[in-house]
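Worksheet: one structure, shown below.
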Amino acid sequence: MEESVDHPMIRPSINAVAKTYELAISHPELAAVTSPFTGERISRFLHVSMSRDDLVLQNKMQRRLGQLTGTCFQRCVGMDAFNSLYSVTYEIDEKYATGYHQRLKDFLHLMHSQNVVVGGAMTDVKGDRSLAPHQQADPDMFLHIVDRTEEGVYVSGAKAHQTGCINSHWLLVMPTMRLTEQDKDYAIVGAVPVDAEGLAYIYGRQSCDTRSMEGGDMDVGNAKFGGQEAMVVFDRVFIPHRYIFMDGEYDFASLLVERFTTYHRRSYVCKSGVGDVLIGAAAAIAEYNGITKASHIKDKLVEMTHLNETVYGTGIAASYQGYATSSGAYISDEMLANVCKHHVTRFPFEISRLAQDLAGGLVATLPSEKDYHHPEIGALLEKYLKGKADVPTADRMRILRLIENMTLGRNAVGYLTESLHGAGSPQAQRILIARGMQLAYKKRLARVLAGIETEENKEEVMEELSGYFARVFNEEV
Ligand SMILES: Cc1cc2nc3c(=O)[nH]c(=O)nc-3n(C[C@H](O)[C@H](O)[C@H](O)COP(=O)(O)OP(=O)(O)OC[C@H]3O[C@@H](n4cnc5c(N)ncnc54)[C@H](O)[C@@H]3O)c2cc1C
Ligand code: SF4
């Protein structure tokens, strides 16, 4: 096969990215913006949020694309890399009089003029998780600078789980974690074209992925759309100065990771769009099985919807409670973004459990599409896989396969495992929720109402709003 994009395992992920362009054409108010650099219409995925409306519309676009594809459409990591780098480069320049912000704007201009796909590469392979980059037995466990010339730097290492990288035109590499002075060479942010010399892609396996190579379109469950991840290996990849947006400013690495995850954790409202599809599939199989009137079935669909809307509610609230950074870019609320992502690490698993409950055991034991098309066996399956008399057996099989695809198969990668680990594993959110929970303030509220008099609660508690509660009670919103 000459074109890797035509490989049956890869094609569904291309279709998912293509949908982002299609939506920009059919619904430009949702998925397109006018570029501030070129004045042309471009994908919203390339636009830095400059208002609360921008943040909110990113979320609405993500939910819609989740509904249309039932999978990961792969472009939000790059979008949130731009969102976060916009303010971080501005602040590095303020401190060190570097020129990163203008370089980033020039790079954005270039991306806007081509309306291309940019992947965000933050996660390193990390080796021994208890050690900092410079302490690792192998220095390549984190991407780092291995050489310098007058024109730029050479980097080596690897980025893991890279979503949509085969479908991207450029990759934005960023550090994964807080760095110290000894990790200075690891404090590198830069852009590389995906076909740069020294880059290699090792494609990730997904559950049931070879079904797409068996012909037919039933057993794959979702024949048209799928996600994609690969490991990207960097072997002395050159980054010229004009595409470098951090070089050695290790003290800004944690700020970048925090800003990126604040944007990206509310981007996980994408899963509420995917959840809409799964809830629909569960309702459809209940109908095909003739059990829609049972009260527990309706209750389970209500529970699935409740969980799904809780994900959406916290994500969209994080965007509505966004605020301006000194660069002018708007960032979502850190607490609510982390709460959204933390819900996502759990609720899709419960929604999947309920979908499998409604589906019955056939979701895991259904005979193959080839058997269904077999002249003798097919007749048996047509007879014995029948649910309600007026529903074609093939329709029942297709919905069961879709539920399998989303809860056990290819798209369970996006709906379940990516929900758990993408944008950080659950503990990463709990750390930030703990950091913002303002227990001292809450204890004072309690002491005042309980009538416990202390020196500290004599003054009005409300007058000292800071952090999360300053945003909650911001009267300008
Ligand atoms: C489908 C998918 C797509 C993804 N797409 C992208 C992408 O496009 N770009 C990108 O940059 N990243 C991407 N990621 C990466 C994602 O951000 C990471 O998976 C996540 O940060 C967790 O890292 P890890 O997978 O290395 O797990 P680990 O870090 O190994 O975590 C495993 C467990 O160990 C715990 N742990 C880890 N370190 C420590 C420690 N020091 N002390 C105590 N406990 C620890 C964690 O809390 C977790 O419970 C993707 C991931 C997935 C699954
Ligand atoms: S997991 Fe969701 S937020 Fe991340 S790239 Fe895929 S669709 Fe976008």
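In listed order, ligands and their atoms are each counted from 1. Remember, it's a predicted structure, so these values are computed and weren't measured experimentally. Side-chain atoms are counted along with the backbone in the values below, which use heavy atoms only and exclude waters and symmetry mates.
Ion pairing of Glu350 with Arg353 is present here, as a side-chain N (NZ or NE/NH1/NH2) and a carboxylate O approach within less than 4.0 Å. Glu22 and Arg64 are not joined by a salt bridge, as no carboxylate oxygen comes within less than 4.0 angstrom of a charged side-chain nitrogen. Ion pairing between a basic and an acidic side chain is recognised when a charged N comes within 4.0 Å of a carboxylate O; Arg63 and Asp276 show such pairing. A salt bridge is defined here as a Lys NZ or Arg NE, NH1 or NH2 lying under 4.0 Å from an Asp or Glu carboxylate O, and Glu418 with Lys271 meets this definition. Between Asp217 and Lys224 there is no salt bridge, since none of the side-chain N atoms of the basic residue sits less than 4.0 Å from a carboxylate O of the acidic one. Using a cutoff of 4.0 Å between basic side-chain nitrogens and carboxylate oxygens, Glu369 and Arg401 are not scored as salt-bridged. For the pair Arg211 and Glu214, the salt-bridge criterion is not met [side-chain N within less than 4.0 Å of a carboxylate O].
Listed by chain and number, the protein atoms of type N/O/S under 2.8 Å from atom 6 (Fe) of ligand 2 are Cys72 SG; waters are omitted.
Summary of contacts: the protein heavy atom closest to atom 38 (N) of ligand 1 is Arg129 CG, 3.3 Å. Given atom 31 (O) of ligand 1, the protein heavy atom at minimum distance is Ser425 OG, 3.9 Å.
Taking the ring centre of Phe252 as origin, the terminal cationic atom of Arg259 falls outside the region bounded by 6.0 Å and 45° from the ring axis.
Evaluated by nearest non-hydrogen atom to atom 5 (N) of ligand 1, the leading choice among Thr163, Asp124, Thr176, Leu171 is Thr163. The residue from Met174, Lys126, His264 that puts a heavy atom closest to atom 23 (O) of ligand 1 is Lys126.
Those atoms of ligand 1 that come under 4.0 Å of a heavy atom in His421, given as number and element, are 16 (C), 17 (O), 18 (C), 19 (O), 20 (C), 21 (O). Shown in contact with Gly424 at under 4.0 Å from a heavy atom are these atoms of ligand 1, numbered in order with element: 17 (O), 21 (O). Ligand 1 places these atoms under 4.0 Å from at least one heavy atom of Glu229: 1 (C), 3 (C). Annotation for ligand 1: atoms under 4.0 Å from non-hydrogen atoms of Met122 are 10 (C), 11 (O). Near Glu418, the atoms of ligand 1 lying under 4.0 angstrom from a non-hydrogen atom of the residue are 1 (C), 2 (C), 3 (C).
Of the N or O atoms in Ala121, none lie within a sub-3.5 Å distance of an N or O in ligand 1. For the pair Val77 and ligand 1, the shortest N or O to N or O distance does not fall below 3.5 Å. At under 3.5 Å, a nitrogen or oxygen of His161, whether backbone or side chain, sits near a nitrogen or oxygen of ligand 1.
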Show which side-chain atoms of residues 235-243 pair as donor or acceptor with protein atoms under 3.5 Å away, not counting sequence neighbours.
| unit_1 | atom_1 | unit_2 | atom_2 | d |
| --- | --- | --- | --- | --- |
| Arg236 | NH2 | Asp147 | OD2 | 3.0 |
| His241 | NE2 | Glu150 | O | 2.9 |
| His241 | NE2 | Gly152 | N | 3.4 |

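Atom 9 (N) of ligand 1 is flagged as protein-proximal [any protein heavy atom, distance under 4.0 Å]. Contact annotation for atom 35 (C) of ligand 1: protein absent (non-hydrogen atoms, distance under 4.0 Å). Checking atom 44 (N) of ligand 1 against the protein gives no heavy-atom contact under 4.0 Å.
Ring-plane geometry between His343 and Phe347 is classed as parallel, the angle between the planes falling under 30 degrees on a 0 to 90 degree scale with a further cut at 60.
With a heavy-atom cut-off of 4.0 Å, Ala423 touches ligand 1 through its backbone alone.
Crowding of Glu29 atom CD: a count of heavy atoms from other residues, nucleotides or ligands under 6.0 Å exceeding 12.
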